[in-house]
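Everything below concerns the one structure shown next.
Just follow the structure's listing: the first ligand is 1, and inside any ligand the first atom is 1.
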Amino acid sequence: MNRTSLSFIKHRFNLAGLIVPAISMLLNAGSFGFARPADSTGRPISIIPLPVMMTQHPGEFVIESMTNIVLSGNSRDVSSTVQYFSERLRKAAGFRLSVSHSKSPRSFNTIIVRLIQDKRLGSEGYLLDVNPRAIDLRANTSAGLFYGVQTLLQLLPPEVFGNGAAGRVRWSVPSVSILDKPRFPWRGMHLDVCRHFFQKEFVKKYIDDIAMCKMNVFHWHLTDDQGWRIEIKKYPLLTKVGAWRNGSMIGPYSDQKFDSIRYGGFYTQADIREIVAYAKSRHVTIVPEIEMPGHSLAALASYPELSCTGGPFQVSESWGVFDDVFCPTGKTFRFLENVLAEVCRLFPGKYIHIGGDECPKVRWKESRYCRALMERLKLRNANQLQSYFVKRIERFLNSKGKQVIGWDEILEGGLAPRAAVMSWRGTEGGIAAAKKKHYVVMTPGSHCYFDHYQGNPEYEPLAIGGYTTVEKVYSYEPVPAELPASHAKYILGAQGNMWTEYVATPEHVEYMIFPRMVALAEVDWTPAHLRNYDDFRARLIRHFSLLDSMHVNYSKAIYEIQTSVSPLSAVSGVALKLASSFDSTGIHYTLDGSDPSSASPSYIEPLRIEKSLNVRFAYFGEHGDLRGHILNQDFVVSKSTGRPITLKVPPSETYPGDGAFTLVDGIRGDPRHYGRNWLGFWGPNLEATIDLGGSASYSSVTVGLLQLEVSWIYLPKSIEIFVGDDTTHFRSVKFLGPEEIAAAGNSITIDIGKQSARYVRVFEQNAGRIPDGKPGAGSESWLFVDEISIN
Ligand code: TNX
């Protein structure tokens with residue numbers, strides 16, 4: 001594992017900004033706004049992604065078994081789209097529509113589908129007109145017709161996405177006129193099938209989900225350290241050896257626990273052809289990714305001679321970044337070219353993704369061969385050697401008529417002449433590439449990583465870290481403000497990435513991508529000035545019923561209740577404020593540890609917490625239905641709770657909690673999530689002084705403890721408690737050394753004899769430099785502190 005634990009924590013677990021500030025967006029003055037048009041049943045029209053232009057007219061068209069679909073024009077592509085539509089209707093409604101061809105179709109009880117030529121629509125746009133007599137769908141291309149059909153389906157009752165269990169439904173479509181087309185040409189979703197493998201059937205379902213969102217690129221991450229997933233005829237060991245590992249990491253990375261269950265799988269070339277054809281029928285282009293030079297342990301385990309050291313290697317059971325990577329020898333290039341030649345034959349799309357991310361240069365620097373090569377090629381550093389690597393592969397792929405795309409590390413050491421860049425470590429890489437007139441796909445970790453948490457980690461399945469809500473995804477603007485307008489055209493669009501270290505099942509993948517992918521779809525499709533989060537959210541809630549019809553396992557984190565705690569004045573205790581971005585009266589709570597229902601008290605004002613207790617709360621809809629999870633917060637109230645507190649040295653900006661108050665807010669930190677209930681000190685000692693306001697008597701101090709060596713977090717070397725009647729004179733009442741601290745569990749109660757001084761000072765000595773042989777050896781260690789209770 002080479003990614004230092006520190007940066008891992010820093011980037012993945014910084015939950016300090018747990019409450020995402022509401023984006024303020026201007027409401028557009030067009031036909032959309034908060035008051036959305038409704039159909040004759042009162043059902044609001046709500047299409048995601050929001051179309052460019054839509055006007056509603058009176059009346060509706062009702063599809064029934066006698067409705068006729070007429071194709072005007074004879075394209076085979078048109079009939080495949082029509083088939084897609086009638087097949088959906090057959091499954092949902094149980095009747096099959098008749099399809100005929102005609103140049104001048106009757107305009108009664110008819111759905112007319114035709115190819116036209118209309119400059120406004122581009123290659124993916126469509127026109128959809130619905131009136132009580134006919135539905136008229138037109139586009140320049142079959143892709144445009146396909147997107148028109150997606151819109152038509154969303155105009156129908158949500159049961160149209162189900163498989164017939166709906167009972168009696170009136171298949172009505174409100175009268176509308178829509179002109180629509182996408183903002184960006186690359187509307188992507190990625191799936192990592194290496195960390196966990198997903199069967200062919202699920203890959204197809206994933207492609208369906210992409211298409212339903214009017215997205216059009218499936219980035220298929222096929223090779224990595226933990227598994228090689230694509231059959232290559234010339235190199236059978238890649239799947240015989242490289243597709244299997246002897247175990248997998250279980251639980252959080254910091255646990256370093258593994259099972260010993262052989263795990264793996266791969267797609268045969270026949271599978272791949274089948275999936276490529278399936279994607280084509282949904283107007284989705286597949287971009288395969290073959291990782292190089294890093295993330296290549298599975299290939300090296302199969303063919304160790306492609307490494308710098310000769311191996312042997314194992315397909316990795318652990319997640320992370322590894323030092324053993326492809327060595328830039330003639331043998332390696334021949335191998336990669338042969339592999340890529342087969343890949344090019346399988347995938348008809350223009351782009352081949354060659355990875356390029358997270359490639360440590362350790363082995364190259366150690367290798368005599370690499371040093372000599374660098375000298376011969378007059379390369380000044382190892383980054384330039386990576387650049388040489390990528391350029392050489394680019395030349396090969398260009399010769400096969402393909403374009404290279406790679407993660408933003410391919411910029412380091414010089415970008416290959418025609419390569420496109422996928423910007424994941426923020427947007428800087430994307431901006432730099434676009435300024436150089438290279439095409440860019442935006443996929444910054446901050447907004448587009450769907451392996452991050454989307455709700456409060458305490459209630460979510462284990463994830464890699466981060467915190468990316470639907471609202472945050474929706475707020476993403478793919479064209480960076482810093483980029484000169486003349487270069488905006490180099491931004492191809494945005495893509496959501498679904499890495500699967502912590503995601504092992506199809507249901508879990510769905511949970512992570514839905515509904516964030518729906519938000520990203522609108523970012524990619526809808527003109528920026530039409531986007532409005534409140535309006536989107538209202539449509540999203542209706543979209544949930546569509547996902548319900550499809551039995552998609554989606555997250556309801558948008559209903560999550562945000563909490564904040566503040567001191568009570570004059571007495572020990574805190575006030576707990578609950579907030580929902582929906583009407584807060586939907587929040588119901590209990591204080592006795594039982595689960596709330598819609599009959600429990602409604603939240604009206606902040607709750608006064610003056611003794612230790614368990615508060616449970618949840619959001620309930622108008623019909624008393626639970627939305628999201630029941631949340632649960634323990635409070636430990638003591639004489640210090642809510643009292644004024646000062647710190648001699650502030651905590652690190654990475655773990656600032658809610659400032660000093662975090663130590664007296666009545667909430668213990670969760671040892672599995674270093675979120676806002678912990679303060680982290682990287683190097684310094686803790687010196688906290690609490691003002692009890694006088695007249696209190698007490699005899700013990702309890703502090704929390706956290707030790708997690710992989711994350712560089714160590715217990716304090718010593719703890720000393722002082723008391724004082726003013727803020728300048730303190731006397732020591734207890735000192736604890738390392739043995740006593742180490743013997744305690746995750747908190748320690750320190751007996752200090754009967755005291756009544758107004759001020760209590762807690763001093764914790766940082767453990768200092770990390771010893772040799774431990775992760776992060778030689779660096780400062782972290783001291784983590786949560787609640788200080790005085791009794
Ligand atoms: C970084 S994004 C990686 C992946 C991990 C991902 C987890 C990128 C190009 N590399 O190998 O799966 O973080 O979020």
Checklist entry - With a cut-off of under 6.0 Å to the ring centre and 45° to the axis, is Arg392 in cation-pi contact with Phe396? => result no
Checklist entry - Is any side-chain heavy atom of Ser296 less than 4.5 Å from a side-chain heavy atom of Leu306? => result no
Checklist entry - Which is it for Phe184 and Met442 under the side-chain contact (heavy atoms from CB on, under 4.5 Å) test, yes or no, and what are the steps along the way? => result CA-CA 11 Å; Phe184 289 107; Met442 283 299 195; over 6 Å; no
Checklist entry - Between atom CZ of Arg363 and atom CZ of Phe322, what is the distance when rounded to the nearest 0.5 Å? => result 12.0 Å
Checklist entry - Heavy-atom contact under 4.0 Å between Glu409 and ligand 1? => result no
Checklist outcome for this item: With heavy atoms and a 4.0 Å threshold, my read on which part of Ile464 contacts ligand 1 is side chain
Item to check | Contact partition for His452 relative to ligand 1, non-hydrogen atoms under 4.0 Å | outcome: neither
Item to check | Distance-only N or O hit between ligand 1 and Asp357, under 3.5 Å | outcome: yes
Checklist entry - Which ligand 1 atoms are under 4.0 Å away from a heavy-atom of His295? => result 11 (O)
Checklist entry - Which is closest to atom 2 (S) of ligand 1 in terms of heavy atoms, Tyr449, Trp407, Tyr502? => result Tyr449
Checklist entry - Is Lys556 close enough and on-axis enough to Tyr554, meaning under 6.0 Å and within 45°, for cation-pi? => result yes
Checklist entry - Can Arg195 and Glu317 be counted as an ion pair, charged N to O under 4.0 angstrom? => result no
Next on the checklist: Only heavy atoms of Glu501, strictly under 4.0 Å: list the atoms of ligand 1 that pass.
Outcome noted: 5 (C), 7 (C), 12 (O)
Next on the checklist: I need the atoms of ligand 1 closer than 4.0 Å to a non-hydrogen atom of Asp451, numbered in the order shown.
Outcome noted: 7 (C), 14 (O)
